[in-house]
Amino acid sequence: MEASRLYSTKRVQSLKPTKKIPLEEDPTKASDALPLSLHLTNAVFFTLFFSVVYFLLSRWREKIRTSTPLHVVTFSEIIAILAFFASFIYLLGFFGIDFVQSLVFRPSPDVWIAEDEEEENEVLLAKEDARKVPCGQALDCLLPPLPPAAPIVTAQKVFDEKPVTVTTEEDEEIIKSVVAGTTPSYSLESKLGDCKRAAAIRREALQRLTGKSLSGLPLDGFDYESILGQCCEMPVGYVQIPVGIAGPLLVNGREYSVPMATTEGCLVASTNRGCKAIHLSGGATSVLLKDGMTRAPCVRFGTAKRAADLKLYLEDPDNYETLSVVFNRSSRFGRLQGIKCAIAGKNLYIRFTCSTGDAMGMNMVSKGVQNVLDFLQTDFPDMDVIGISGNYCSDKKPAAVNWIEGRGKSVVCEVIIKGDVVRKVLKTSVESLVELNMLKNLTGSAMAGALGGFNAHASNIVAAIYIATGQDPAQNVESSHCITMMEAVNEGKDLHISVTMPSIEVGTVGGGTQLASQSACLNLLGVKGASKETPGANARMLATIVAGAVLAGELSLMSAIAAGQLVKSHMKYNRSSKDVSKGSS
């Protein structure tokens with residue numbers, strides 16, 4: 001890498017400074033006047049030339065055989081002769097003139113060498129000057145930097161794109177103390193009172209400690225105040241993920257433009273094709289079956305009998321109202337819906353389910369559970385609380401309890417795709433899709449011992465929407481539990497497809513949803529913030545949109561597999577065009 005950098009530097013220094021290189025030349029060419037592209041025009045005249053030659057030779061041969069005078073010509077022969085001369089003149093002008101000029105006016109080899117060197121130098125300088133971003137710290141850049149970019153305006157703040165440089169003596173002393181370990185890195189925000197400055201100092205200290213450059217990780221253009229104490233600790237920058245739009249997705253009579261943050265090529269395009277098929281078929285119907293977040297603490301007793309006593313107490317309908325009042329004290333939105341218990345010896349796992357409004361609700365349900373545990377200590381003083389989460393919830397792990405009982409929002413989404421749409425848009429047939437779904441999503445997943453994975457790629461769509469809208473990406477694990485069903489209907493002409501997702505965990509308030517970019521994506525969907533009319537309506541609508549997008553993604557991917565287009569499409573959209581062999585190591 002160093003060698004390639006030095007070589008590049010020397011090449012730039014060796015160029016003549018008096019040579020003026022126009023970086024932007026007029027792209028207009030003579031061939032632009034042609035109605036077709038140059039290679040198509042050449043192909044047309046080549047074909048025309050040889051066709052009329054063959055036609056005329058055949059006609060003249062026929063005249064000789066029948067003793068017909070050659071000067072007697074028909075109308076078609078006149079047209080062929082004119083076409084012959086036109087194509088001959090074009091081909092002579094295109095190929096012959098350049099060939100003759102190359103013989104008559106051939107320059108000396110020295111002139112060619114000089115021109116090649118100048119052209120190579122011009123290309124090199126043009127590439128160097130065409131940079132759109134400032135050079136990284138690891139590069140030696142001798143050309144003048146480009147003007148600074150204009151400030152980025154967001155809905156909340158205006159961020160200056162000037163690079164942050166730690167130059168003051170005070171900052172340098174702080175960096176040295178962080179490197180030495182005398183100042184904890186996590187305390188910089190509280191000590192400095194400036195979150196961006198703290199991130200810049202922490203970043204520089206990290207580079208000195210590790211000896212590794214972070215030049216590719218952006219620092220500027222982000223509101224570090226917005227993540228303090230709630231989204232991320234000890235930040236040193238942020239990662240850029242492109243956001244694509246799939247849609248419009250027509251669900252329950254409404255159109256949605258679905259934001260998807262992903263680095264997987266073909267994903268947005270495929271989902272978009274599924275949205276088109278759904279739209280052309282009249283739209284999908286999405287139904288919310290259940291809405292309740294869960295938390296399951298683990299408690300232990302001296303005997304299994306005592307654990308059973310608490311289980312019977314918690315599941316007794318006569319005690320539910322009392323427990324509900326205790327639980328609901330924690331929040332005006334959190335409302336206890338049910339309690340389910342499971343015993344393992346002396347240990348009792350208590351799964352609480354409650355509504356959480358427009359929040360995803362993990363913190364809300366945890367506070368309610370803590371209230372109930374404190375209340376139970378009075379009647380069960382020998383109860384030992386092992387942990388407020390005993391994995392019977394179950395959060396961020398594939399679990400049968402979520403697949404069967406549900407967690408968060410349970411949604412089913414369906415659509416009938418017309419046969420014409422299957423053939424023209426999805427490029428396959430109803431019979432092929434039904435058979436593939438049975439053998440792949442159902443039988444194949446069963447052979448693999450899948451848990452909630454009876455689908456083609458639900459997690460792809462869920463993860464992309466979660467990142468774009470500020471959800472917890474780790475909850476993609478259980479949120480992607482999905483079974484995809486396909487069936488031929490209307491005498492086999494049309495396709496009925498549905499996705500059933502029992503544990504979509506989403507919220508429109510709290511966590512990453514309040515960040516500027518993620519909030520903008522929620523606003524695009526019309527579910528930003530809390531619903532003022534009906535608490536929880538926005539989060540429930542987001543869950544139905546997620547299910548609808550998964551339906552579109554399943555429909556498109558299964559069609560691509562059925563039509564044998566999967567590899568071809570990924571080679572086209574999911575492969576980098578960069579020549580990695582030329583990259584620096």
Side-chain angles (χ1 to χ4, degrees), residues 22-120 122-123 126-127 266 269 273 276 419-429 432 559-560 562-579 582:
L23 296 183
E24 295 184 3
E25 298 181 353
D26 187 4
T28 305
K29 301 178 182 178
S31 60
D32 293 343
L34 298 174
L36 300 175
S37 61
L38 187 59
H39 70 279
L40 288 178
T41 305
N42 290 340
V44 169
F45 276 98
F46 262 114
T47 305
L48 180 63
F49 177 78
F50 288 107
S51 298
V52 296
V53 168
Y54 176 79
F55 173 76
L56 291 174
L57 289 177
S58 301
R59 294 293 299 160
W60 290 342
R61 179 183 177 186
E62 183 68 22
K63 289 182 180 182
I64 292 172
R65 191 172 62 181
T66 60
S67 300
T68 304
L70 296 179
H71 64 275
V72 178
V73 294
T74 63
F75 179 75
S76 60
E77 292 172 344
I78 294 175
I79 297 298
I81 293 172
L82 293 176
F84 169 78
F85 281 108
S87 58
F88 178 78
I89 292 171
Y90 174 83
L91 296 175
L92 179 64
F94 187 80
F95 295 102
I97 294 176
D98 285 344
F99 177 72
V100 172
Q101 287 181 343
S102 66
L103 293 177
V104 178
F105 303 105
R106 176 181 294 176
S108 65
D110 295 337
V111 175
W112 282 352
I113 295 174
E115 288 182 352
D116 289 342
E117 289 181 351
E118 286 189 4
E119 183 178 355
E120 186 178 5
E122 289 176 4
V123 172
K127 287 182 178 179
C266 214
R273 184 175 74 149
K276 179 181 179 180
D420 289 341
V421 176
V422 173
R423 290 187 296 273
K424 296 179 181 179
V425 177
L426 302 176
K427 311 299 183 183
T428 185
S429 65
S432 298
S559 298
Q565 298 173 341
L566 179 63
V567 175
K568 181 180 178 181
S569 61
H570 274 74
M571 291 299 292
K572 181 178 180 181
Y573 295 106
N574 199 20
R575 301 284 291 184
S576 174
S577 59
K578 285 186 176 181
D579 186 355
K582 296 181 180 179

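For the atom pair CZ of F46 and CG of L48, the computed distance is 12.0 Å after rounding to the nearest 0.5 Å. F45 CZ to F88 CZ: the interatomic distance, rounded to the nearest 0.5 Å, is 13.5 Å.
Take S51 and apply the side chain to side chain donor-acceptor pair (under 3.5 Å) test, not counting sequence neighbours, and it matches no residue. Applying the side chain to side chain donor-acceptor pair (under 3.5 Å) test to S87 and every residue at least two apart in sequence or in another chain returns nothing.
Nearest heavy atoms, K276 versus V425: CD-CG1, 4.3 Å. The two residues V52 and A83 have their closest heavy-atom pair at CG1-CB, 3.7 Å. In terms of heavy-atom proximity, V422 sits nearest to S429 at CG1-C, 3.7 Å. Looking at every heavy atom in both residues, S559 comes nearest to R273 through CB-NH2, 3.7 Å.
For the pair S76/R59, no side-chain contact is recorded, criterion being any heavy-atom separation below 4.5 Å from C-beta on.
Summarising the local packing, CZ of F49 is surrounded by more than 12 heavy atoms from other residues, nucleotides or ligands at distances under 6.0 Å.
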